[in-house]
Amino acid sequence: DEGCRTIAPALRTMPNLKDLDLYDNNIGDKGCRTIAPALRTMPNLKTLDLRNNNIGDEGCRTIAPALRTMPNLKKLSLGNNNIGDEGLAVLSNVVPAMRKLDTLYLNVNKIGNVGCQCLLELIENDSLQSLTMLNLGWNPNISSEELKTKFKRVWSEKGKKGRLRF
């Protein structure tokens, strides 16, 4: 959290920043509370990398309002964290606001069948039209082969030519 307290004031002075890579900084849920206000001041971000930061469901709840203010975001990387179904449900409420989002990494988390179903519904409802890459790999709690098969079928039916990983 100390690192987040240090960087947050600087981030608030960079509204035109395009890419923010905070990979592997052990931000955690507490750090998310610290940087979320700064993220809200960055509407021009195209890439946000928060991989490998020990972010859980609470962290997702904290940064979700900030994500809603990023209409230009194309790539969101949240892989290798501790995000479960509850966190993904929160994210599922905000990612449709990111109309340009084409890449979403959620691999190596704690997402289960419920969270996967939330994403599937967004794909079915055309709420993620620009999405071409979705990585849900190494989420062992996504255990329903029927759900994975349905997801792959819908992905294909919606004309998604990009990669889908389980």
Please report the C-alpha distance between Val95 and Met98 in whole Å, then the side-chain angles of each, then the deciding distance to 0.1 Å, and finally whether the side chain to side chain contact (heavy atoms under 4.5 Å, CB included) criterion is met.
-> CA-CA 5 Å; Val95 292; Met98 296 179 277; 3.3 Å; yes
Can you give each donor-acceptor pair under 3.5 Å made by side-chain atoms of residues 99-106, sequence neighbours left out, with the distance rounded to 0.1 Å?
unit_1, atom_1, unit_2, atom_2, d
Lys100, NZ, Asn72, OD1, 3.1

Show which side-chain atoms of residues 75-82 pair as donor or acceptor with protein atoms under 3.5 Å away, not counting sequence neighbours.
unit_1, atom_1, unit_2, atom_2, d
Asn80, ND2, Asn52, OD1, 2.8
Asn81, OD1, Asn53, N, 2.9
Asn81, OD1, Asn54, N, 2.9
Asn81, OD1, Ile55, N, 2.9
Asn81, ND2, Leu50, O, 3.1
Asn81, ND2, Leu78, O, 3.0
Asn81, ND2, Gly79, O, 3.2
Asn82, ND2, Asn54, OD1, 2.3

Using distance only, find each side-chain donor-acceptor pair of residues 159-166 under 3.5 Å and give its atom names and separation, not counting sequence neighbours.
unit_1, atom_1, unit_2, atom_2, d
Lys160, NZ, Leu128, O, 2.6
Lys160, NZ, Gln129, O, 3.1
Lys160, NZ, Leu131, O, 2.9

State whether the side chain of [X] and the backbone N or O of [Y] hold a donor-acceptor pair below 3.5 Å, judged by distance alone.
X     : Y     : value
Asp21 : Tyr23 : yes
Asp29 : Gly56 : yes
Asn25 : Ile27 : no

Looking only at non-hydrogen atoms, find the nearest pair between [X] and [Y] and report the distance.
X      : Y      : result
Cys116 : Ile111 : N-CG2, 4.0 Å
Trp155 : Thr132 : CZ2-O, 3.7 Å
Thr62  : Ala36  : O-CB, 3.6 Å

Listed by chain and number, what are the side-chain contact (heavy atoms from CB on, under 4.5 Å) partners of Ser144, not counting sequence neighbours?
-> Asn113, Glu146, Leu147
Would a hydrophobic clustering, with Ile, Leu, Val, Met, Phe, Trp and Tyr connected at side-chain separations under 4.5 Å, put Leu119 with Val94?
-> yes
Can you give the donor-acceptor pairs under 3.5 Å from side chains of residues 10-17 to other protein atoms, not counting sequence neighbours?
unit_1, atom_1, unit_2, atom_2, d
Thr13, OG1, Ala10, O, 2.6
Asn16, OD1, Asn44, ND2, 3.1

More than 12 heavy atoms of other residues, nucleotides or ligands under 6.0 Å from NZ of Lys18: is that the case?
-> yes
Set of residues satisfying salt bridge (charged side-chain N to carboxylate O under 4.0 Å, His left out) with respect to Lys158, sequence neighbours excluded | Asp126
